[in-house]
There are 2 protein chains.
Amino acid sequence: MAHDGKAHEQTVSSMLQALKAAGYRVTAARRAVVEAMQSSGHRSAREVVEEVRRRHPGVGRASVYRTLAILSKVCAVQPSLLGTTRAHYSAADQGSHHHFICNRCHRVIEFDECTAAGMVGDIEQRLGVRIQGHLLEFYGLCRSCLAAM
Amino acid sequence: MAHDGKAHEQTVSSMLQALKAAGYRVTAARRAVVEAMQSSGHRSAREVVEEVRRRHPGVGRASVYRTLAILSKVCAVQPSLLGTTRAHYSAADQGSHHHFICNRCHRVIEFDECTAAGMVGDIEQRLGVRIQGHLLEFYGLCRSCLAAM
DNA sequence: CTAACTGCAAAGGGTTTGCAAGGGT
DNA sequence: ACCCTTGCAAACCCTTTGCAGTTAG
């Protein structure tokens, strides 16, 4: 198991590189967060905190939150739902909702068309579920933020 | 404009009906929340609270939250992101993330294929944005919850 | 060496809960 | 009349902030 560290370093490096490239320092706390983010998909900030502290008890809560914010700023990590931290609802019978959300200024642009509707039948069959609605969000940089770079 | 009230009642009734059908009482507070949810798309719980209290100052914060939870339980309203109320992140280079989320038991089923990727070019052009990732969530009832009904 | 970063603890703020009063059915 | 529902306010808990000590570069 002497090479675990090395093996990890490799998968980890793209996020760390993004940090360096943006002028941020690579520290133990940030390495720990990157390590946790590498190891799995979608998770809440709180879950990341727990995992980081399980493996690196010395790392403080605040550093995890701060690192997630930075990783998100350099686009090494995708925040869901606007980076807002609260519950969102929409009327069920109003069909589906589609947004483009700017990672930089958080502007939201809504649009209607959607190819996801075409997936509904297939997914219902394959998973044996009934689908009642869906949400599609694209993340990126809006026109004015692109211009400002 | 004499018929605004009536017109509203009509669009509103499906949510109220869902409440009744599930054995919940139809009260002034719940009517106010339904009215707010009818009038627009995606919004945060806090925004719903604000709108309800703007038009019906007598309605308490707590009732709005409680009503949203009930509407969500009877599938008259779609909560985003698992009904969880916190920020979620995922590694950006792991591509996009797609979930089916059961409205009843909150089970999450992940899957890979996605037609949304095909929309990226079109949306980038039309909105003049750069897209870096996306999130697609389907909401409904899972196999075992369907069986249990 | 120095500015960036950290951990801690306390503050912040949206959401939930306990309880006595109120209102559907 | 019954008991579900409400409004209030306090409790809750995740997240953010202020600060003095630490560390990457």
Side-chain angles (χ1 to χ4, degrees), chain A residues 9 12-13 15-36 42-74 77 79-89 106, chain B residues 13 15-36 42-74 77 79-89 106:
Chain A
E9 254 173 54
V12 144
S13 60
M15 286 195 196
L16 294 183
Q17 230 125 72
L19 283 181
K20 271 187 186 163
Y24 292 100
R25 292 185 181 171
V26 174
T27 66
R30 287 175 183 172
R31 248 186 267 269
V33 173
V34 165
E35 177 190 336
H42 217 70
R43 47 179 55 186
S44 67
R46 213 188 140 282
E47 289 167 333
V48 178
V49 170
E50 278 169 13
E51 183 167 336
V52 165
R53 304 205 64 170
R54 196 176 309 128
R55 294 202 242 175
H56 306 272
V59 175
R61 247 181 300 288
S63 295
V64 176
Y65 283 101
R66 284 186 282 229
T67 301
L68 284 173
I70 290 172
L71 286 173
S72 155
K73 198 173 296 179
V74 302
V77 131
S80 295
L81 270 189
L82 263 178
T84 166
T85 58
R86 311 298 167 191
H88 279 228
Y89 297 88
H106 293 162
Chain B
S13 60
M15 286 196 197
L16 295 182
Q17 231 124 70
L19 283 181
K20 271 186 184 163
Y24 292 100
R25 292 184 180 168
V26 174
T27 67
R30 288 175 183 171
R31 246 187 269 269
V33 173
V34 165
E35 177 189 336
H42 217 69
R43 48 178 55 187
S44 68
R46 212 183 141 287
E47 289 167 332
V48 178
V49 169
E50 278 169 12
E51 183 167 336
V52 165
R53 305 205 63 168
R54 197 175 308 129
R55 293 202 242 174
H56 306 272
V59 176
R61 246 183 306 286
S63 295
V64 176
Y65 283 101
R66 284 186 282 230
T67 301
L68 283 173
I70 290 172
L71 286 173
S72 156
K73 199 173 295 179
V74 303
V77 131
S80 295
L81 269 190
L82 264 180
T84 168
T85 58
R86 312 297 167 191
H88 280 227
Y89 295 88
H106 293 162

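Model, not experiment: these values are computed from the prediction. Naming convention: chains lettered A, B, ... in sequence-line order (proteins, then strands); numbering from 1 in each chain. No hydrogens, no waters, no symmetry mates; every other heavy atom, side chains included, goes into these values.
- Closest heavy-atom contact between B/Ala32 and B/Val59: CB-CG2, 4.3 Å.
- The distance between atom OH of A/Tyr65 and atom P of C/dT6, rounded to the nearest whole Å, is 16 Å.
- Residue A/Val26 is in sugar-phosphate contact alone, with no base atom involved, counting any heavy-atom pair closer than 4.0 Å across all strands shown.
- Partners of B/Ala18 under the side-chain contact (heavy atoms from CB on, under 4.5 Å) rule, at least two apart in sequence or in another chain, are B/Val74, B/Ala76.
- Rounded to 10°, the angle separating the first-five-pair axis and the last-five-pair axis of the helix from C/dC1-D/dG25 to C/dT25-D/dA1 equals 50°.
- One interatomic measurement links the two molecules: CZ of A/Arg46 to C1' of C/dT15, which rounds to 15 Å at whole-angstrom precision.
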* Asked: Does the salt bridge (charged side-chain N to carboxylate O under 4.0 Å, His left out) test come out yes or no for A/Glu51 and A/Arg55, once each step is laid out?
  -> CA-CA 7 Å; A/Glu51 183 167 336; A/Arg55 294 202 242 175; 2.8 Å; yes
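- Distances shorter than 4.0 Å separate none of the side-chain N or O atoms of B/Arg31 from OP1 or OP2 on D/dT5.
- As a whole-Å value, the separation of A/Leu19 CG from D/dG25 C1' is 15 Å.
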* For salt bridge (charged side-chain N to carboxylate O under 4.0 Å, His left out), just list the numbers for A/Arg31 and A/Glu35, CA-CA rounded to whole Å, side-chain angles, deciding distance to a tenth of an Å, and then say yes or no. => CA-CA 6 Å; A/Arg31 248 186 267 269; A/Glu35 177 190 336; over 6 Å; no
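- If you take CZ of A/Arg61 and P of C/dT6, they are 15 Å apart, rounded to a whole angstrom.
- Considering only residues two or more places apart in sequence or on other chains, B/Arg30 meets the side-chain contact (heavy atoms from CB on, under 4.5 Å) condition with B/Leu19, B/Tyr24, B/Arg25, B/Thr27, B/Thr67, B/Ile70.
- Summarising the geometry of A/Val33 relative to A/Val64, their closest heavy-atom pair is CG2-CA, 3.9 Å, with the distance given to 0.1 Å.
- The distance from atom CG of B/Leu68 to atom C1' of C/dT15 is 11 Å, rounded to the nearest whole Å.
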Atom pairs under 3.5 Å, N or O on each side, protein against nucleotides 18-21 of chain D: can you list them with distances?
{"unit_1": "D/dG18", "atom_1": "O6", "unit_2": "A/Arg66", "atom_2": "NH1", "d": "3.4"}

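- Applying the side-chain contact (heavy atoms from CB on, under 4.5 Å) test to B/Ala28 and every residue at least two apart in sequence or in another chain returns nothing.
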Nucleotide N/O to protein N/O under 3.5 Å, stretch nucleotides 1-5 of chain C:
{"unit_1": "C/dA4", "atom_1": "O4'", "unit_2": "A/Arg25", "atom_2": "NH2", "d": "3.4"}
{"unit_1": "C/dC5", "atom_1": "OP1", "unit_2": "A/Arg25", "atom_2": "N", "d": "3.1"}
{"unit_1": "C/dC5", "atom_1": "OP1", "unit_2": "A/Arg30", "atom_2": "NH1", "d": "2.8"}
{"unit_1": "C/dC5", "atom_1": "O5'", "unit_2": "A/Arg30", "atom_2": "NH2", "d": "3.2"}

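- Annotation for A/Arg61: atom CZ does not count as buried by contact number, only 12 or fewer foreign heavy atoms lying within 6.0 Å.
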